[in-house]
Structure formats: structure tokens, C-alpha cells
Amino acid sequence: MASSRYERIWGVVRRIPRGRVATYGQVAVLAGIPRGARQVGYALHALPDVTSVPWHRVLNARGCISVRAGGASVTQLLRLEREGVRFDSGGRTDLARFQWQPRRRARSKQLRR
DNA sequence: GCGGTGACGGTCG
DNA sequence: CCGACCGCCACCG
């Protein structure tokens, strides 16, 4: 019970830098759960209202906000725009430009790349 | 323990 | 480019 999937997922989301976004699938892979995009959505849904996890930086593979609950999506959009992430008229963002590209985890004392 | 469900994703028409 | 379908996998009743 060291760390549930939720803990790992939240841990990954917490690493997303300000002004950048990540996709559900990307977060899933980084959390060690390939094909677990849906579970990422579940994990974020389970977050409390007040949290230090920047859940708003997670978008779907198309680069748009996929939230069903009306209100929350607006909050997410506002927060991202405030961080400098721009959306087009279709509510999509340019992933090539804003997607977070994490560096491979350095294995302490081992050169990365 | 089973079946339905869903902040998703890739494929097909 | 867009909508429909199916596949995945953990949570909930």
C-alpha cells in the first residue's frame, strides 16, 4: 500500500511545470500505467477541492479540455490562460508548443542522456 | 464477485 | 476533419 495508483498519478501531475500541459495518456505512462489514461481521469476526479496538484494542466490527446462537469472546465481554462497557455477558437491548444517534455529521470549519480 | 460506468485513446468509415 | 465504435482498467453499487 506504499503508494496507490492515485498517489503515483498525482505525483506525476505535480511535476508538470507552470505554463505547460500534459495529456492523460502521457501522465499514465509516466506513472507507470500504460493504457491507463482513463485511470488518470479517475484519479484527478478523486482529488479534493483544495489541492496542491495542478490538475488543470492535464488535457486530452487532442489538446483540449475534456471535462464533463461544466463549471470545472471554465476554471481549468482560466488557470491555463493565466499561465500563458493559449487556446484557439476550438478550445484546443498547440501541444507541439505547450506540452510538457520531461527529461528522463536521472538515476542519481548517473549521467542523463 | 459481477456488471455498469467513465477528467481517455486509437482506429475506422 | 469529424463522429462513431471498441478496447482498457480501476472504482462503485
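So you know, we letter chains A, B, ... as the sequences are listed, proteins then strands, and number each from 1.
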Test applied, side chain to side chain contact (heavy atoms under 4.5 Å, CB included); reference residue, A:V21; option that passes from A:V58, A:L95, A:I16: A:L95
Quick one: A:Q26 CD to B:dG9 C1', roughly how many Å, whole number? 14 Å
Find which nucleotide of DNA chain C each of A:R62 and A:G36 is nearest to by heavy atoms, and output the residue with the more 5' nucleotide. A:R62
Rounded to the Å, how far apart are A:H45 NE2 and B:dG6 C1'? 9 Å
Would you check if the side chain of A:T51 reaches a backbone N or O of A:V53 as a donor-acceptor pair within less than 3.5 Å? yes
Distance-only donor-acceptor hits, side chain of residues 84-91 of chain A, under 3.5 Å, sequence neighbours excluded:
unit_1	atom_1	unit_2	atom_2	d
A:D88	OD1	A:G90	N	2.8
A:D88	OD1	A:G91	N	3.0
A:D88	OD1	A:R92	N	2.8

If I take atom OH in residue A:Y42 and atom P in nucleotide B:dT5, what distance separates them, rounded to the nearest angstrom? 11 Å
Here the distance between atom P of B:dG10 and atom CZ of A:R35, to the nearest Å, is 8 Å
Can you tell me how far C1' of B:dC8 sits from CG of A:L59, to the nearest Å? 12 Å
Which nucleotide in the set B:dA7, B:dG6, B:dC8 lies at the smallest distance from any side-chain heavy atom of A:N60? B:dC8
Any Lys/Arg nitrogen of A:E83 or A:R20 sitting under 4.0 Å from an Asp/Glu carboxylate oxygen of the other? no
At a heavy-atom distance below 4.0 Å, which nucleotide of DNA chain C is the first touched by chain A, and which is the last? C:dG7 to C:dC11
Can you measure from CZ (A:R15) to CG (A:L30) and round to the nearest 0.5 angstrom? 6.0 Å
Could you state the atom-to-atom distance from OH of A:Y24 to P of B:dG6 in whole Å? 15 Å
Any A:Y24 side-chain heavy atom under 4.5 Å of A:R38 side chain: no
Strand contacts (DNA chain B) in residues 87-98 of chain A, 4.0 angstrom heavy-atom criterion: none
Determine which nucleotide pairs with C:dC11, using a 3.5 Å limit on both distances of a Watson-Crick or G-U wobble pair. B:dG4
